[in-house]
Amino acid sequence: MPELAEVEYIRRQWDAGVGARVTRVALHAGKRVVRDVDPAECERLLVGSTLLGSEARAKQMIFRFGRGQQVAAWVGIHLGMTGELRIEPASFSPGKHGHFVLFQRERTLVFTDPRMFGRVRLAAGPEVPEWWAKLPPEVLSDEFTLERVTAFLSRRKKSAVKALLLDQTMFPGVGNWMADEILWRARIDPRTLGGQLKPAQVKTLWEETREVCRGALATVAIDFSDPPEDWFFHVRWADGGECPRCGLTIQTATIGGRTTRWCPRCQR
DNA sequence: CGAGATGTTCGGCT
DNA sequence: AAGCCGAACATCTC
């Protein structure tokens, strides 16, 4: 499910537990989602510590825990395809998909993930863990420059631009629907190879990548509401949709291993 | 019942 | 070596 803006929205679901101590943890040891977490270490680090705060970055989240304001442990969560965070009553008992659960006196913080493509990580100590510190520059940061994108595309000459937009090292946070939205706004055919894009198209792609991230964060991330009505988003979920710009029936194909929809007239 | 799903990662080929 | 592609992961929903 989640891309950039959805991840930010989902992260905030656990804000209800900020400032409160963890009384107990439960995880489905042996399941894929928690393969990086040692249950004993998890208990030692988290039980008795306070959830201090959290951040989202691209498709990832990190939660800080400690005593007082001193950070002593970090929990990283990637939601994969079907991960969700929820708050449940203190009396909650985790079901089949409740893979990582933090109990507090007045509520329970639950991470569910039926398909288990997500991932939980744990780190000890006051230092930001390396896997978080080393995430690539965010699309909306100053470091996400046109030059970076240009260099990337010229290195990946033989890949369809749709596949390239899904590369998290260059476009962190962009997922399948955002990639289609970006290409629709940039009027670029998703099958175009990286090496075939003209400099003007690369510039537009770079700009629209930022615009789509900005727009999604202004809507979806705030209250999980849909993006503006004129976005391609609204027509891209099924065959037979019409281009919001020209009205032509949109086209569907698998590109870069993912279902892709675009307007065959507007995007060339 | 089969197909496909807003994601990553691995292994093999060029 | 770097880049490219397809399969695999595990479960649910349409």
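The structure presented is a predicted model; accordingly, all values stated were derived computationally and were not measured. Chain identifiers are assigned alphabetically (A, B, ...) following the order of the sequence lines, protein sequences preceding nucleic acid strands; residue numbering begins at 1 within each chain. Heavy atoms only: backbone and side chains are in, while hydrogens, waters and symmetry mates are out.
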Joint cluster assignment, A:Trp177 & A:Leu166, ILVMFWY side-chain distance < 4.5 Å: no
Contacts of type ring-ring contact (aromatic ring centres under 6.0 Å, His included), residue A:Trp262, not counting sequence neighbours: none
Going by ring-ring contact (aromatic ring centres under 6.0 Å, His included), name the residues that satisfy it together with A:His97, two or more places apart in sequence or in a different chain. none
Please enumerate all protein N or O atoms sitting under 3.5 Å from an N or O of nucleotides 1-4 of chain C, with distances to 0.1 Å.
| from | atom 1 | to | atom 2 | distance (Å) |
| --- | --- | --- | --- | --- |
| C:dC4 | OP1 | A:Lys158 | N | 2.9 |
| C:dC4 | OP2 | A:Arg156 | NE | 2.7 |
| C:dC4 | O5' | A:Ser159 | OG | 3.4 |

Please check the phosphate of C:dT11 (OP1 and OP2 only) for any side-chain N or O of A:Lys96 closer than 4.0 Å. no
I want to check one thing: is the phosphate of C:dC12, taken as OP1 and OP2, less than 4.0 Å away from some side-chain N or O of A:Thr82? no
Starting from [X] and following side-chain heavy-atom contacts under 4.5 Å between hydrophobic residues (I, L, V, M, F, W, Y), which residues can be reached?
X        : answer
A:Val71  : A:Leu52, A:Ile62, A:Trp74, A:Val128, A:Trp131, A:Trp132, A:Leu135
A:Ile222 : none
A:Phe92  : A:Val101, A:Phe103, A:Val110

P-based separation of C:dC9 from B:dC1 [nearest Å]: 22 Å
Expressed in whole Å, how much space separates the P atoms belonging to C:dA10 and B:dG11? 15 Å
Pairs in or reaching into residues 106-128 of chain A: which pass ring pair (Phe, Tyr, Trp, His ring centres under 6.0 Å), with residues at least two apart or in two chains? none
In residues 111-119 of chain A, which ones come under 4.0 Å of DNA chain B, going by heavy atoms? A:Arg115, A:Phe117, A:Arg119
Taking a pair as Watson-Crick (N1 to N3 plus N6-O4 or O6-N4) or G-U wobble (N1-O2 and O6-N3), both under 3.5 Å, which stems of 3 or more consecutive pairs involve DNA chain C? B:2-5 with C:11-14, B:7-14 with C:2-9
Below 3.5 Å, can you tabulate the donor-acceptor pairs from side chains in residues 189-197 of chain A to any protein atom, sequence neighbours excluded?
| from | atom 1 | to | atom 2 | distance (Å) |
| --- | --- | --- | --- | --- |
| A:Asp189 | OD1 | A:Arg191 | N | 2.8 |
| A:Asp189 | OD1 | A:Arg191 | NE | 3.0 |
| A:Asp189 | OD2 | A:Arg191 | NE | 3.4 |
| A:Asp189 | OD2 | A:Arg191 | NH2 | 2.7 |
| A:Thr192 | OG1 | A:Asp189 | O | 2.6 |
| A:Gln196 | OE1 | A:Leu193 | N | 2.9 |

Pairs under 3.5 angstrom only: tabulate donor-acceptor contacts from the side chains of residues 143-153 of chain A to other protein residues two or more places apart or in another chain.
| from | atom 1 | to | atom 2 | distance (Å) |
| --- | --- | --- | --- | --- |
| A:Thr145 | OG1 | A:Arg148 | N | 3.2 |
| A:Thr150 | OG1 | A:Leu146 | O | 2.8 |

Which nucleotide in the list B:dG7, C:dT11, B:dA5 gets nearest to the side chain of A:His97? C:dT11
Residues passing the side-chain contact (heavy atoms from CB on, under 4.5 Å) test with A:Ser154, sequence neighbours excluded, are A:Lys157
